[in-house]
Amino acid sequence: MFGKKNKHLDYASGPRDLIVAKEPKSPISEQYRTIRTNITYAGVDTQIKSVLFTSATPSAGKSTTAANVAIAYAQAGRKTLLLDADLRRPTTHYTFEVNNQRGLSTAVVNEMPLENVIRETEIENLDIVTSGPVPPNPSELIASNKMEHFFKTVSMEYDMVIVDSPPILAVTDGQLLSKLVDGTILVTNVEANNRDSLTQAKDLLKKADANLIGTVLNNKKQKESKDSYYYYYGAEK
């Protein structure tokens with residue numbers, strides 16, 4: 001477990017702030033690298049090669065966190081994939097300013113080869129797979145054997161796969177996706193989420209047998225500075 005002060009992070013809708021790429025020496029970037037380190041320690045007995053970032057409710061900062069942690073892995077020399085598995089309100093194509101005509105949904109539905117949906121980024125060692133067109137049946141698609149095969153394929157191709165998923169309390173997608181990864185991290189904006197929401201989300205993940213390895217709290221103000229923010233990550237007991 002750890003806690004550090006953090007500067008303001010903007011979690012408004014639209015393109016996410018890739019601060020680890022833009023300002024790698026900033027204190028906030030160091031926080032994301034610390035999350036990377038703690039993920040490593042969470043897998044002492046079993047190597048963690050894929051991590052799902054989800055939240056209880058929207059606007060928690062999960063997409064920002066997932067993108068920046070992915071960059072932190074890439075900067076460490078790990079071959080990394082950022083996978084947008086939010087097939088309802090995807091954001092990765094906005095963040096990296098690419099079109100979303102092909103991606104996860106087209107790869108699974110059409111059994112498209114992995115190389116046809118992977119996109120290289122300007123960041124060394126980092127590839128992305130956007131969501132692709134939003135399907136009419138996201139949950140059914142995620143629960144399919146084809147989706148499981150896709151996850152197994154990318155896990156063999158990459159050192160680390162970072163997955164962005166929909167909020168747990170909104171739809172079942174996050175629970176289903178948690179079965180396909182090695183670990184799950186619950187992200188929350190403490191100004192918007194409450195204890196009941198987090199408890200419900202945690203219970204749903206446990207029912208899905210998810211390996212919940214940590215929690216990130218965003219936007220928790222510190223007494224000594226109205227502009228400071230607390231970043232917490234810790235293994236669940």
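Values in this document were obtained by computation on a predicted structure and should not be read as measured data. This chain uses plain numbering: 1 for the first residue, then up along the sequence.
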Requested in this report: Step by step, work out the side-chain contact (heavy atoms from CB on, under 4.5 Å) result for Arg33 and Ser29.
Outcome: CA-CA 6 Å; Arg33 287 191 288 270; Ser29 297; 3.8 Å; yes
Query raised in the report: Side chains of Tyr41 and Ile213: does their closest heavy-atom pair fall under 4.5 Å?
Result: no
Query raised in the report: Taking atom NZ of Lys152 as the centre, does the number of heavy atoms from other residues, nucleotides or ligands within less than 6.0 Å exceed 12?
Result: no
**Report entry** Euclidean distance, Leu204 CG relative to Ile168 CD1, rounded to 0.5 Å
**Finding:** 7.0 Å
Query - Neighbour count above 12 (heavy atom, 6.0 Å) for Glu115 CD - result: yes
Query raised in the report: Nearest 0.5 Å, what's the NE2-CZ distance between His93 and Arg102?
Result: 13.5 Å
Query raised in the report: Do the non-hydrogen side-chain atoms of Tyr32 and Ile19 ever get within less than 4.5 Å of each other?
Result: yes
Query raised in the report: Looking just at side-chain N and O atoms, do Arg88 and Ser139 make a donor-acceptor pair shorter than 3.5 Å?
Result: yes
Report task. Work out which heavy atom in Leu18 is nearest to a heavy atom in Ala67; give both atom names and the distance. Result -> CD2-CB, 3.7 Å
Query raised in the report: Under 3.5 Å, is there a donor-acceptor pair between the Thr54 and Ser165 side chains?
Result: yes
Query raised in the report: How about Tyr73 and Asp159: do any of their side-chain heavy atoms sit closer than 4.5 Å?
Result: no
Query raised in the report: Any side-chain donor paired with an acceptor under 3.5 Å for Thr130 and Asn100?
Result: yes
Report task. May I ask you to decide if Leu212's main-chain N or O and Thr184's side chain share a donor-acceptor pair within less than 3.5 Å? Result -> no
Report task. Under the side-chain contact (heavy atoms from CB on, under 4.5 Å) rule, what do Leu83 and Tyr158 come out as? Steps first, then yes or no, please. Result -> CA-CA 11 Å; Leu83 173 61; Tyr158 288 87; over 6 Å; no
Report summary line: Value for CD1 (Ile71) from CG (Asn125), rounded to nearest 0.5 Å, stands at 12.0 Å
Requested in this report: Determine the minimum heavy-atom distance between Pro58 and Pro167, stating which atoms define it.
Outcome: N-CG, 3.8 Å
Requested in this report: Would you check if Lys62 and Asp86 make a side-chain contact, meaning some heavy-atom pair closer than 4.5 Å?
Outcome: yes
Requested in this report: Please name the residue in the list Asn68, Thr92, Asp164 that meets the side-chain hydrogen bond (donor to acceptor under 3.5 Å, both in side chains) test with Ser63.
Outcome: Asp164
Query - Shortest non-hydrogen contact from Asn218 toward Val216 - result: OD1-CG1, 3.6 Å
Requested in this report: Examine distances only and state if a side-chain atom of Thr121 and a backbone atom of Leu126 form a donor-acceptor pair shorter than 3.5 Å.
Outcome: yes
Report task. Under the side-chain contact (heavy atoms from CB on, under 4.5 Å) rule, what do Ile162 and Arg36 come out as? Steps first, then yes or no, please. Result -> CA-CA 11 Å; Ile162 300 294; Arg36 179 192 68 197; over 6 Å; no
Query - Test side-chain contact (heavy atoms from CB on, under 4.5 Å) applied to Val181 and Val51, step by step - result: CA-CA 6 Å; Val181 297; Val51 177; over 6 Å; no
Query raised in the report: Between the side chain of Gln75 and the main-chain N/O of Val20, is any donor-acceptor distance below 3.5 Å?
Result: yes
Report summary line: Only residue of Ile118, Thr80, Val117, Val98 satisfying side-chain contact (heavy atoms from CB on, under 4.5 Å) with Ile128 is Val98
Requested in this report: Give a yes or no on this: more than 12 heavy atoms of other residues, nucleotides or ligands lie within 6.0 Å of atom CD of Glu140.
Outcome: yes
Query - Side-chain (Asp182) to main-chain (Ser50) donor-acceptor, under 3.5 angstrom - result: yes
Report task. Mind listing the closest non-hydrogen atom pair of Leu52 and Gly174 along with its distance? Result -> CD2-O, 3.6 Å
